[in-house]
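Residue numbers run from 1 in the order of the sequence given. The figures that follow rest on heavy atoms only: side chains count, while hydrogens, waters and symmetry mates do not. Counting convention: from 1, in listed order, for ligands and their atoms alike.
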Amino acid sequence: MISNTLTIAGTDCTGGAGIQADIKAISANGSYAMSVITAVVAQNTQGVQKIQTMPIDMIRAQLDSVFSDVKVDSVKIGMLGTPEIIICVADALDEYKPSKVVLDPVMVAKSGDRLLEKDALVALRDVLIPKVGLITPNLPEAADLLGQPEAVSREQMINQAKSLVVPTFIKGGHLALEESPDLLRVDDKYLWFESKRIATKNSHGTGCTLSAAIATFWGQGNSIDVACDKAKKYLTDALSKADTLNVGKGQGPVHHFYKYY
Ligand SMILES: Nc1ncnc2c1ncn2[C@@H]1O[C@H](COP(=O)(O)OP(=O)(O)OP(=O)(O)O)[C@@H](O)[C@H]1O
Ligand SMILES: [Mg+2]
């Protein structure tokens with residue numbers, strides 16, 4: 001039977017990040033994709049122009065519609081925007097108890113635009129994060145969650161992964177290295193996922209794509225380490241084919257469907 005993966009996130013009208021990237025990543029990797037929209041975002045490859053968060057009761061209604069009807073094999077959570085939205089999603093997790101939840105703690109877009117209000121960090125850290133099975137911070141997000149400076153080495157990534165309270169996949173895309181290594185910590189087990197740094201400006205949506213792919217493979221019954229490994233390989237291939245697309249004047253998207261065309 002084909003697995004069902006739900007993404008809870010904001011949109012990207014140019015299709016490279018957010019809900020649209022998630023739906024592409026879930027579909028390209030063989031699961032059925034569903035979405036709950038937390039915010040409509042006017043953004044493109046050059047930046048974020050305008051954000052309209054959805055009314056809380058509309059977010060809750062979408063969550064109820066999905067969870068009351070469909071067996072949800074895994075969930076990816078992306079942009080949440082405000083403390084009220086974080087609490088709304090946390091309440092739904094309490095009620096429906098989906099078993100495999102990946103939270104990408106989106107705070108700032110690659111363009112540098114803020115996607116999470118500053119006061120929402122506390123709600124994210126203290127209310128939502130303890131309820132999920134895996135978080136996927138990039139280096140600035142891991143640093144913000146811990147109130148520490150950003151890690152600049154693999155050793156510092158290990159120390160930060162140790163300090164975060166739930167299983168953590170720290171993304172090393174922001175390291176100034178020849179490679180782009182990511183680190184998974186589950187309990188006291190540490191696993192590195194390696195890739196060469198790909199020389200492209202078209203890396204819009206890498207974080208969204210990776211976390212959606214992890215949720216997809218996890219929902220298909222893979223262990224969390226296998227899910228991370230398959231997702232990292234998929235992302236690296238999609239990123240290496242990004243330059244075959246011609247989308248926008250800024251940082252273009254990765255090629256989610258590189259296996260097909
Ligand atoms: N130039 C690159 N070459 C290879 N892999 C990369 C590159 N940049 C990022 N990655 C990989 O992409 C994934 C996402 O990491 P990144 O640190 O870019 O996340 P992010 O900052 O959350 O992304 P986003 O801005 O899309 O939210 C990780 O697996 C990371 O290693
Ligand atoms: Mg990100």
Restricting to pairs with a member in residues 31-72, which pass ring-ring contact (aromatic ring centres under 6.0 Å, His included), not counting sequence neighbours?
Phe67-Tyr96

Which pairs of N or O atoms, one from ligand 1 and one from the protein, are separated by less than 3.5 Å, and what is the distance for each pair?
from     : atom 1 : to     : atom 2 : distance (Å)
ligand 1 : 1 (N)  : Ile198 : O      : 3.1
ligand 1 : 3 (N)  : Ile198 : N      : 2.8
ligand 1 : 5 (N)  : Ser180 : OG     : 3.4
ligand 1 : 10 (N) : Ser180 : OG     : 3.4
ligand 1 : 17 (O) : Gly173 : N      : 3.3
ligand 1 : 18 (O) : Lys110 : NZ     : 3.3
ligand 1 : 18 (O) : Thr206 : OG1    : 3.1
ligand 1 : 21 (O) : Asn138 : ND2    : 2.8
ligand 1 : 21 (O) : His174 : NE2    : 2.8
ligand 1 : 22 (O) : Asn138 : ND2    : 3.4
ligand 1 : 22 (O) : Lys171 : NZ     : 2.8
ligand 1 : 23 (O) : Lys110 : NZ     : 3.3
ligand 1 : 23 (O) : Thr206 : OG1    : 3.3
ligand 1 : 23 (O) : Gly207 : N      : 3.3
ligand 1 : 25 (O) : Lys110 : NZ     : 3.4
ligand 1 : 26 (O) : Lys110 : NZ     : 3.4
ligand 1 : 26 (O) : Thr206 : N      : 3.1
ligand 1 : 26 (O) : Thr206 : OG1    : 3.4
ligand 1 : 26 (O) : Gly207 : N      : 2.9
ligand 1 : 29 (O) : Asp182 : OD2    : 2.5
ligand 1 : 29 (O) : Lys232 : NZ     : 3.3
ligand 1 : 31 (O) : Ser180 : O      : 3.2
ligand 1 : 31 (O) : Ser180 : OG     : 2.7
ligand 1 : 31 (O) : Asp182 : OD1    : 2.9
ligand 1 : 31 (O) : Asp182 : OD2    : 3.4
ligand 1 : 31 (O) : Lys232 : NZ     : 2.8

Would you say Asp104 and Thr136 are linked by a side-chain donor-acceptor pair, where the criterion is simply a distance under 3.5 Å?
yes

State, without any angle test, whether Lys76 and Thr5 hold a side-chain donor-acceptor pair at a distance under 3.5 Å.
no

Taking only residues two or more places apart in sequence or in another chain, which ones pass ring-ring contact (aromatic ring centres under 6.0 Å, His included) with His255?
Tyr261

With sequence neighbours left out, the residues meeting ring-ring contact (aromatic ring centres under 6.0 Å, His included) with Phe217 are none

If you count heavy atoms of other groups shown closer than 6.0 angstrom to CD of Glu95, is the number above 12?
yes

